[in-house]
Amino acid sequence: MAIICLKCRGIGHKMLDCPTLKGHDNNSDPKMEPDHLATEPLAGGLASPVSQLCKRCKGFRIIDWLTNEDIRDEVVIGRDGANSQGWENKNHNSGRRLGLGPLHSIFLDASCSLCRMISRVFPLIPEDEEDWGAEYFIRPIRSYNRLGESIAPPEDSSKEPDDKYAVYAVVDSREDAMSTLSRHFGEPRDQAVYGFELAFALSHKTPAPSRPGFSARERGVTWQPDIVKSWMSRCEQKHPRCRVEWSDQLLICKMIDVSSRQIVSCPPHCRYIALSYVWGGVSPKDGALESRELPQTIEDAITVTKALGIGYLWVDALCIDQTPSPEKAQQLSMMDIIYSCSWATIVALDGNDANAGLRGVSAKSPREPQASESIDGSKVLSLFPALPQELTGTTYFTRAWTLQEYLLGSRRILFGKHQIHFLCNTGNYCESIDDTVDPGGLLDIGAKQANLILTDCTEHSEDLESQCDFADFTFRKLAGLYTNRTMTNDSDSLNAFRGMLSSLQKTFLPQGFIWGLPLKEFPQSMRWYHPRAVKPRRRPDFPSWSYVGWEGTIAYTDRLDFATGRTGGRFDEVADQILRYLGFEDTILTVDGVLIRLEVRNEPFNNAYIPGTDFLLGILQEGNFLHKNTLPQGTFDFLVVERLSFRYAPDSNVRHVVYMVMLEGELGSYSRRAMVRLFVEPGLDKQQDYSALFGRSRVVHLL
Ligand SMILES: [Zn+2]
Ligand SMILES: [Zn+2]
Ligand SMILES: [Zn+2]
């Protein structure tokens, strides 16, 4: 019997004898670490793969197992928001597992078709050898659960029953491993599903009296334009939320005419595709469009645009004159229009630069073959990672510029390493899952799951209060996401976010932004901070008081607008002493606020005193972590951003927390050192010396 090694997926040796194992004296190239999705050795190692089953696999009766009607929804959320029903169902499903045994004793026979399929979807084996004792098993999961969807609470009998959807088989060893999927979203419903990167299922071509939804679809090594076209027309015809509108402002833009390969002025009402990709230092040379020497990603995007029957393509490197000029600045602030008016955005997910190409488009960058086996006359196919897993770990998702490009359009065609995904404001489809049978319409409500912050804006325009909350939430979320990303040039710190800010200005924050902060609506947006794990680096060409003046992820301790008093668990919440925005000139911000001088002593914590006295005001917290010695000892000026008053219980004492920017320099040339919170000692609110600190506000300039 020819054994398949579960470590390198090669044929002919046991895992314990694998030359790639740590501890073996071998000179193997570390780059040989196998991509468990691309198990070429298997295909090459067998002269003629045969369709027969080994003794163990025969006993699994896998085709019956894959059509089991009694596999339940593991993501059922109860009325209380908990997924207790889901856990019950998960236990139920665990009774249907097929045991494979401890890792070192699993033998996969290369002449057995199910063994071959198992080897293709077997997870990568962790380096630590403790895990070798773990029991592995094949686990059934309803197809929609793997996509993070659920059918409905059981009370809702109007919904389609579970068994209208395919069962997927995944190989797993542990119950408790948090998946990339649940880490990615961190929502309770997602905790119920472990994100299996790989799975197998019956092919959608299997003859069946009633074919279940989301069967496995064949996916070639090169792309099939017809599938992408079917998604596009489904979206155009059935999704009112994805409607793309024309803007006359586009008339000043340039487009690539994909049939003549010329840069042309944007024709009126032109239907075009926009490209979103990682430059990675690779940009087209002069004349590259005409001479067909474009970076591969751009060349492939032209191919895709043509194949989809769209006449024009917008690519920043070719359609914006890259020399700094007023025109360039104008086009950068139009990014929201360019991406949101595009018929679709092509997203180049794979690779680190513009030479990577769109996987599967040209013969130069084929995808790994799909595993396909015939078992008892039925065809079984492997499934590729779902969108959240495909996004995880890509360079694309770490780059600052691509955030707005990804979010602003209505339709995205994502070329991943493994397959193409389509994500619009309503739906989410991929190549290896048959989306034509979907009795519960799950794929057309799934976009919120698959995206980070796709939310229907109109849902929030009803009343002013919720609109304000939503503006607050959206801004904080986007600022956190944006500052978490990297850029090559510090000078892009604001530019790469301009399109997103323009879009926010048109929707939720009409008064616009001052160096990236919505200071007119929310002067409290000054109280951003770098969490403790972040090591911020100053960008000296930008103001210190805005996050664009720094490299490093920012956060807000809480929502911006405390004044509405709706924080859970606190009572009588009010905010006062809020600084007022007066204006700005270049990088100098002018505000009207309370300036207080405090002495910091840092034993045992960062304590704030009235300078030269033993009058303790309270503990200072920098960022989000209470720890001594994060602030230097000494006397400093602090600018109050706002003060929050609340009670922990309806009849308890009033507590104060003062949000302040700790300043460096002198009056007239202050810059921001850090954001701190002062937890005022209980009872001080009634004391004269404390109240006197807040007596009078003044005009303050910040650099
Ligand atoms: Zn091996
Ligand atoms: Zn077998
Ligand atoms: Zn759509």
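Values in this document were obtained by computation on a predicted structure and should not be read as measured data. Note that ligands are numbered from 1 as they come in the structure, with each ligand's atoms numbered from 1 the same way.
Panel detail: the Zn ion (ligand 2) has protein N, O or S atoms under 2.8 Å away, 4 in number. Each protein N/O/S atom under 2.8 Å from the Zn ion (ligand 1) was counted, for a total of 4.
For the residue pair S378/D376, the side-chain donor-acceptor check at 3.5 Å is not satisfied. Side-chain atoms of D248 and W246 include a donor-acceptor pair closer than 3.5 Å. A donor atom on one side chain and an acceptor atom on the other are not found under 3.5 Å apart for Y144 and D438.
Geometrically, R219 engages F384 in a cation-pi contact defined by less than 6.0 Å to the ring centre and at most 45° from the axis. Judged by the 6.0 Å distance and 45° axis criteria, R411 is positioned over the aromatic ring of W343. Seen from the ring of Y136, R97 does not count as a face-on cation partner, given the 6.0 Å and 45° thresholds. A cation-pi geometry, defined here as NZ or CZ lying under 6.0 Å from the six-membered ring centre and within 45° of its normal, does not hold between R9 and F122.
Under the 4.0 Å criterion applied to side-chain N and carboxylate O atoms, R120 and E373 are not assigned as salt-bridge partners. Using a cut-off of 4.0 Å between Lys/Arg side-chain N and Asp/Glu carboxylate O, D444 and R234 are scored as salt-bridged. At a threshold of 4.0 Å, the pair D109-R56 does not count as salt-bridged, since none of the basic side-chain nitrogens sits closer than that to a carboxylate oxygen.
Among residues two or more places apart in sequence or in another chain, the salt bridge (Lys or Arg N to Asp or Glu O under 4.0 Å) test is passed with D434 by R211.
R359 places no side-chain N or O within donor-acceptor distance of the main-chain N or O of G416, the cut-off being under 3.5 Å. Panel note: side chain Q370, backbone R217; a donor-acceptor pair is recorded below 3.5 Å.
Counting only distances under 2.8 Å, and ignoring water, the protein N, O or S atoms around the Zn ion (ligand 3) are C235 SG, H239 ND1, C242 SG, C424 SG.
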